[in-house]
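Read the numbers this way: they start at 1 and go in the same order the structure lists the ligands and their atoms.
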Amino acid sequence: MAYFSDIPEIRYEGGASDNEFAFKYYNPDQTIGGKTMREWLRFSVAYWHTFTMDGSDPFGAPTMQRPWDQYSGMDLARARVDAAFEFFQKIGSDYYCFHDVDIAPEGNTLKESNKNLDEIVGLLKNRMDDTGMKVLWNTANMFIHPRFMHGAATSNNPDVYAYAAAKVKKQLEIAKELGSENYVFWGGREGYESLLITDMGRELDNLASFYHMALDYAKEIGFDGQFLIEPKPKEPTKHQYDYDTASAYAFLQKYGLADDFKINIEANHATLAGHSFEHELHYARVNGILGSVDANQGDLLLGWDTDEFPTDLYSAVLAMYEILKNDGLGRGGLNFDAKVRRTSFEPSDLFHGHIVGMDTFALGLTIAHQMLEDRALEDIIEKRYAGFEEGIGQKIASKQTSFHELEKHAMEATINLSSGRNEKIRGRINQYIRGSVGVPTTAE
Ligand code: XLS
Ligand code: CA
Ligand code: CA
C-alpha cells in the first residue's frame with residue numbers, strides 16, 4: 001500500500017526552484033572537495049520521529065495524521081515498514097536509525113518482544129536488500145517502560161540491569177543481522193532524580209561493566225560497527241551521567257573504553273548542556289572521538305529538547321566546518337533526530353522537514369568547504385598562535401622549559417597583545433554565507 005501517493009520523488013532543482021517538493025541545495029551527486037554531497041552528508045531518517053510520533057505533548061492529545069495509524073499492534077508495525085521504505089525512496093536518504101520499540105511493539109514477555117522484533121527485522125532486511133538502504137545505527141529504548149524508572153544499566157535493581165542487558169544483546173544481534181554502521185547508547189534514565197538516594201560511584205561502575213559486556217558480546221557475534229555514546233545533560237532525568245562530550249570522554253577514559261567508543265553528538269543536547277553545537281563537534285574532533293551526528297536544533301527560548309528540523313544556516317556552516325576538518329564522519333552520518341511541529345500534522349510535512357534539513361546541511365557543506373579552501377579562519381588562527389613557533393613559545397610547545405626560565409623571560413620581555421578581531425571575522429563569515437566572497441560553489 002502507498003502512503004505518500006501524492007508526493008513525488010524529491011529531486012534537486014536548484015536554489016531558484018519554487019517547487020516545494022524539490023531540493024534547492026542538496027544535489028546528491030555533486031562533488032565537493034573530492035567527495036559527493038551524498039558521501040559527505042550520509043543523511044539518515046529517524047524511524048521514531050517520522051513514523052511513530054503522534055504529536056501529543058504533556059498538555060495535548062495527538063495531532064498527527066498518519067494513514068498507517070489505521071492499524072494497531074503488529075499490523076501497525078508492518079504498515080510502518082511500508083511507509084518507511086516509501087518515504088526513504090522518495091526523500092532519497094541512504095540510512096535510517098531506530099530503537100527496538102519503534103519497529104515492533106513490546107510483547108508481554110521479553111521472549112514475545114523478541115519474536116515481534118524477529119518478524120519485523122526480517123521484513124526490514126528484505127526491503128534493505130531490494131533498495132540498498134542501510135542502518136546508520138540502532139539502539140535499545142531503555143527509558144519509556146516503567147521498569148526503567150530508576151535507570152537501566154544504572155538501576156539500583158539487578159533484575160532491571162539484566163533486562164537492559166538482554167535488550168541490548170538482542171539489538172546487537174539485530175545490528176549484526178542488518179549490518180548497522182554503528183550502535184548507539186543514549187542513557188535517558190542513566191542519571192538521577194535525587195542525589196540523596198543515589199550511589200553514584202556504584203552506578204558508574206555498573207554502567208562501565210555494562211558497556212564492557214556489550215563490547216564482548218559484539219566481538220563474540222562478529223558485529224564490527226562503531227559503538228557510540230550520545231551525551232545529553234538532562235531530560236528525562238534531572239541529571240544524566242553522559243552530560244556532554246567532555247564528561248562522556250572522561251568516563252570512557254576512566255573505565256578503559258576510550259578506544260572502543262566514539263560520540264554521537266546531537267545539536268539540541270549540546271545547547272541543553274550550555275554549549276554550542278560546534279563546541280561539541282570541535283571538542284570531539286580534537287580528541288579523535290567524533291563519531292556521528294543527530295542533526296536537529298533546539299529553541300533557545302525553551303529549556304527542553306524540542307528536536308526541531310535544522311534550519312539555522314549559520315549553525316550548519318560551523319557544524320560542517322568541523323565535520324570537514326574531521327575529514328567527514330567515517331561510519332557516522334547526519335541523522336535527523338527531528339520532528340515536525342505539532343501543528344505541522346500532515347504527512348507532506350514530513351517531507352518538508354527533511355527537505356529543509358537536507359538543504360540546510362548541503363548549503364552548510366558548500367559554504368564551509370569554500371571557507372576552508374580559502375583558509376578563511378585557518379590563517380587567522382595560525383597567526384594568532386605564531387608565538388609558539390619560535391623562541392620561548394617554541395620551548396613551551398616542545399616541553400623544553402621550566403618555571404625558572406619562564407620567570408626569567410617574564411622579567412625581561414615586554415608583552416605585546418594583538419586584537420582577536422571577532423567582529424571582523426563574523427562579518428567575513430556573513431560574506432561567505434551571502435556568497436559574495438570565495439569561488440561560488442553553491443549548487444545553483
Ligand atoms: C533523546 C535522544 C534519543 C537518542 C536515541 O533525546 O535524542 O532519541 O538519539 O535513543
Ligand atoms: Ca538523539
Ligand atoms: Ca533529542
Side-chain angles (χ1 to χ4, degrees), residues 42-53 57-58 95-103 106 135-145 148 151-154 164 167-168 170-172 174-175 180-191 207 210-211 214 225-245 248 261-275 277 280-281 284 290-300 302-310 315 319 329 332-341 353 357:
R42 295 168 63 88
F43 287 130
S44 155
V45 174
Y47 211 93
W48 55 103
H49 284 312
T50 314
F51 309 112
T52 77
M53 291 286 173
D57 70 15
Y95 298 91
Y96 69 109
C97 295
F98 63 87
H99 303 81
D100 44 6
V101 300
D102 306 331
I103 59 166
E106 280 199 84
V135 175
L136 184 66
W137 51 260
N138 59 306
T139 185
N141 181 315
M142 304 198 286
F143 43 93
I144 286 183
H145 196 282
F148 298 120
T154 61
K167 268 171 80 85
V168 171
K170 182 69 182 168
Q171 280 310 297
L172 290 171
I174 291 173
S180 303
E181 299 273 339
N182 307 271
Y183 185 82
V184 161
F185 287 97
W186 171 63
R189 305 272 173 199
E190 313 293 26
L207 181 60
F210 193 93
Y211 289 150
Q226 172 70 56
F227 275 70
L228 301 171
I229 287 195
E230 180 179 327
K232 183 176 183 179
K234 57 189 167 201
E235 199 204 309
T237 50
K238 172 168 115 175
H239 176 87
Q240 194 173 306
Y241 292 134
D242 303 324
Y243 195 95
D244 60 1
T245 304
F261 276 81
K262 286 190 173 174
I263 307 291
N264 183 38
I265 292 173
E266 178 174 322
N268 202 164
H269 298 181
T271 50
L272 284 174
H275 302 306
F277 184 21
E280 287 290 85
L281 294 167
L290 176 49
S292 197
V293 170
D294 273 5
N296 63 11
Q297 68 188 27
D299 186 327
L300 296 181
L302 301 172
W304 64 91
D305 195 17
T306 56
D307 285 345
E308 296 171 16
F309 274 93
S315 166
L329 289 167
L334 294 172
N335 172 49
F336 290 111
D337 192 351
K339 59 181 175 225
V340 289
R341 298 304 85 196

If you check every N/O/S atom of D337, which is the one nearest the Ca ion (ligand 2)?
OD2
When you measure from atom 7 (O) of ligand 1 to each heavy atom in E266, M142, Q240, K232, which option holds the nearest one?
E266
Which N, O or S atom of D305 lies nearest to the Ca ion (ligand 3), by name:
OD2
E230: which N/O/S atom is nearest the Ca ion (ligand 2)?
OE2
Atoms of ligand 1 less than 4.0 Å from D305 heavy atoms?
6 (O)
What N/O/S atom of E266 is the closest to the Ca ion (ligand 2)?
OE1
Using distance alone, decide if ligand 1 has a nitrogen or oxygen within less than 3.5 Å of any nitrogen or oxygen in H99.
yes
Provide the atom name of the closest N, O or S atom of D307 relative to the Ca ion (ligand 3).
OD1
What atom name does the N, O or S atom of D294 nearest to the Ca ion (ligand 2) carry?
OD2
Does any N or O atom in D307 lie less than 3.5 angstrom from one in ligand 1, N or O only?
no
Is it the side chain (CB and beyond), the backbone, both or neither of D294 that lies under 4.0 Å from ligand 1, heavy atoms counted?
side chain
Work out which heavy atom in E106 is nearest to a heavy atom in K167; give both atom names and the distance.
OE1-NZ, 4.1 Å
What residue and atom, counting heavy atoms only, is the protein's closest point to atom 2 (C) of ligand 1, and at what distance?
E230 OE2, 3.5 Å
Heavy-atom nearest neighbour of atom 1 (C) of ligand 1 within options W186, F143, W304
W186
